[in-house]
Every structure is written in C-alpha cells, then in structure tokens.
Number of protein chains: 2
Amino acid sequence: MNISVAADAAGLPVKTVRYYADIGLVAAPSRSASGYRTYDDASIRKLAFIRRAREFGFNIGECRELLGLYEDQNRSSADVKQIASKKLEEIRAKQRELQALHDDLSHLVDSCSGDHQPECPIIDYLG
Amino acid sequence: MNISVAADAAGLPVKTVRYYADIGLVAAPSRSASGYRTYDDASIRKLAFIRRAREFGFNIGECRELLGLYEDQNRSSADVKQIASKKLEEIRAKQRELQALHDDLSHLVDSCSGDHQPECPIIDYLG
DNA sequence: TTAATCTTTCCAGTAACTGGAAGGTCAAGG
DNA sequence: CCTTGACCTTCCAGTTACTGGAAAGATTAA
C-alpha cells in the first residue's frame with residue numbers, strides 16, 4: 001500500500017505518517033523500487049492506535065511508551081500490565097472530563113429555548 | 001484572587017492563563033493597585049470550560065466560537081442551539097473514539113498474564 | 001504521449017504553549 | 001524595620017507536533 005492509502009486508513013494526514021517515521025515513533029517503512037514507502041495492515045493498526053492516543057492528549061513520548069509495551073521483548077508481562085493499567089486509569093479520567101464537557105454543553109443547549117429570543121440562562125453562569 | 005489561585009482552580013498553568021488573555025480568548029482581567037491580575041469565580045469557570053474543550057481537541061478558534069455563543073448578544077438562541085448541538089455531536093464522536101482506545105488498551109491488559117513470561121498476544125495484532 | 005495525480009526530499013512556517021531572565025510586590029519571622 | 005521567600009510583572013526565546021510549499025521524479029488513465 002502507498003502512503004496515502006495507509007494514511008487514509010489510519011485517519012492521519014500523509015505528512016504526519018512520514019513525520020512519525022522521521023522521529024522514530026514507528027519503524028521506517030519498506031520502499032518500492034522507485035522509493036515509494038509501502039505499508040501493510042499491521043503498520044496501519046499501529047498508526048491508528050497512535051492517532052487515537054494523540055487525540056486524547058497522550059504526547060509523543062507517552063505514545064512511544066505505549067508502543068514500547070509491545071515492542072520491548074525484554075519487558076515482562078507484569079511491567080506491561082502495570083504501565084498499561086496506569087494509562088487505562090488516565091483514559092478513564094479523560095472519559096469523566098469529556099462527560100463534564102458534554103454536560104456543560106448539553107446544559108447550554110437545553111437552557112436555550114431555540115426561538116429567536118437572544119437570551120440564554122447560561123450566560124449568567126459563564127459570563 | 002491572584003493568578004495562581006485562579007489557575008489552580010481552573011486546572012491550567014499560570015502561563016497559559018496569561019496567554020489566553022494575551023490572545024484575547026478571554027477578556028483582560030482587572031488589575032490590583034500594584035498591577036497584579038485579579039480573577040473572580042466567573043472567569044475561573046470560563047477558563048475551566050476552555051481547558052476541557054482544549055483537552056478534547058477543540059482548537060483555540062473553536063473555543064472562541066464556543067465562548068462566542070455566550071457573549072454575542074446579537075446571536076439568537078436558535079443559532080446558539082444549532083452551533084452547540086454540532087459541537088455536542090463532535091463530543092459524542094470523541095467519546096466513541098476514546099472508548100475504542102480504552103478497549104484497545106484493555107485488551108492489552110487482559111491478554112497479558114501478568115507473570116514474568118515476556119509474551120503478550122497483542123504483539124501479533126499491533127506488531 | 002500527455003495530463004493528472006501520485007510520490008519523494010527539504011526547508012520554512014504555524015499553533016499553542018513553555019521556560020527563563022530581570023525585576024517589582026507582599027506577608028511572615030526575627 | 002529588615003530580610004527572606006514566594007508571589008507577581010513583562011519580554012523574548014525555545015519547544016512540540018505538526019503543516020505548507022517548492023522542486024522534481026513516478027504512475028496511471030485517456
């Protein structure tokens with residue numbers, strides 16, 4: 001697969017896919033005879049995993065750590081489990097925060113009558 | 001309230017609180033006689049709202065738009081409701097993605113036996 | 001074969017902070 | 001009263017994580 005197909009499948013811009021290999025976050029992909037990068041399903045899954053992690057505030061270093069869980073053969077399952085469990089708790093915290101943001105906005109939507117009176121009760125709260 | 005109290009309450013670094021006023025995302029706070037910025041509860045709520053929105057991938061322009069919902073007196077409730085509803089759908093999409101990330105990591109945790117065998121079934125999936 | 005649409009590398013620019021220097025302010029303790 | 005330490009100020013430079021664009025080569029469809 002060429003880079004644009006892989007990028008689309010992973011939900012990332014082509015530029016970003018190149019960038020992740022440049023900084024060594026993922027391995028450099030193999031190349032075709034003419035120098036085009038070629039991708040397989042495994043690398044796409046990995047890129048999609050990174051995209052999701054990045055979207056939820058894990059920085060590149062943390063993504064490296066998450067991917068390292070899979071790639072470091074010297075790391076024991078207990079270590080993997082411990083680090084991943086910590087990240088899982090961080091994700092749960094993010095889920096709670098996202099729910100709070102959702103509730104804030106829901107409140108706004110509900111408190112607006114939706115007609116053309118330029119009044120919103122939530123102005124008092126956030127104003 | 002001085003800036004560090006407000007920043008703590010909103011969950012933001014002091015630097016970022018200053019920055020948001022510098023770029024006009026929030027109004028410039030009032031100053032004490034000696035030039036210290038002073039904050040009230042309303043501005044803290046607004047900063048916390050921005051923090052949550054930023055944490056979940058809304059950029060500064062989108063935060064401006066969200067805050068504009070409350071501040072533009074010329075905007076009708078119907079407009080507010082329409083824009084906020086669109087953002088709500090984006091948040092729900094983020095919640096689904098976050099769940100997928102959670103599930104990915106959960107799978108990793110579950111598939112590791114947790115003892116000291118350096119084997120993880122998920123290596124095959126992501127590797 | 002030619003035009004459109006890929007792809008490459010390289011380098012510069014952007015968004016959103018973030019760190020650090022240099023200096024002023026304030027509250028507590030001696 | 002004085003000092004010490006933790007605040008605060010502005011300003012400017014640096015960082016992270018991309019992102020855009022130029023110049024040039026490769027591939028495909030008509």
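All chains are named by letter (A, B, ...) in the order of the sequence lines, taking the proteins before the strands, and each is independently numbered beginning at 1.
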Separation of [X] atom [atom1] from [N] atom [atom2], in whole Å?
X     : N      : atom1 : atom2 : answer
B:R31 : D:dC7  : CZ    : P     : 19 Å
B:N59 : D:dA17 : CG    : C1'   : 14 Å
A:Y20 : D:dA17 : OH    : P     : 9 Å
B:Y19 : D:dT15 : OH    : C1'   : 13 Å
A:Y39 : C:dT7  : OH    : P     : 10 Å
A:I60 : C:dA16 : CD1   : C1'   : 15 Å
B:K15 : D:dG14 : NZ    : C1'   : 11 Å
B:L25 : C:dC17 : CG    : C1'   : 13 Å

Sub-4.0 Å heavy-atom contacts from residues 1-13 of chain B onto DNA chain C, ordered by number:
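Nucleic-acid contacts, sorted: B:P13.
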Return the nearest nucleotide to the side chain of B:R37; candidates are D:dT9, D:dA17, C:dG19.
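From the listed options, D:dT9 comes nearest.
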Of the nucleotides D:dA17, C:dA16, C:dC26, which has the atom closest to the B:Y36 side chain?
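From the listed options, C:dC26 comes nearest.
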A:G61 or B:S34: which one's nearest nucleotide on DNA chain D is closer to the 5' end?
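Result of the comparison: B:S34.
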For B:A33 and for B:T16, find the nucleotide of DNA chain C with the closest heavy atom, then tell me which residue's nucleotide is more 5'.
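Here B:T16 is the residue nearer the 5' end.
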Give B:R18 one of three labels, base, sugar-phosphate or nothing, depending on what nucleic acid heavy atoms sit under 4.0 Å from its own.
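Touches a base.
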Answer yes or no: is there a side-chain heavy-atom contact under 4.5 Å between B:I91 and B:R52?
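Result no, sub-4.5 Å side-chain heavy-atom pair not found.
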Any heavy-atom pair between the side chains of A:M1 and A:D41 that's under 4.5 Å?
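Side chain of A:D41 against side chain of A:M1, heavy atoms only: contact under 4.5 Å found.
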Between B:Y19 and B:F58, is there a shared hydrophobic cluster once you connect ILVMFWY residues whose side-chain heavy atoms come closer than 4.5 Å?
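Yes, same cluster.
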Electrostatic pair B:E55-B:R51, nearest N-O below 4.0 angstrom
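B:R51 and B:E55: salt-bridged.
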Would you call B:R96 and B:E89 a salt bridge, using N to O less than 4.0 angstrom?
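B:E89 and B:R96: salt-bridged.
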Quick one: CD1 on B:I23 to CZ on B:R64, what's the gap to the nearest 0.5 Å?
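It is 5.0 Å, given to the nearest 0.5 Å.
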Under the side chain to side chain donor-acceptor pair (under 3.5 Å) test against A:Q95, which residue among B:H102, B:Q95, B:Q99 passes?
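Testing each of B:H102, B:Q95, B:Q99 against A:Q95, the sole residue satisfying side chain to side chain donor-acceptor pair (under 3.5 Å) is B:Q99.
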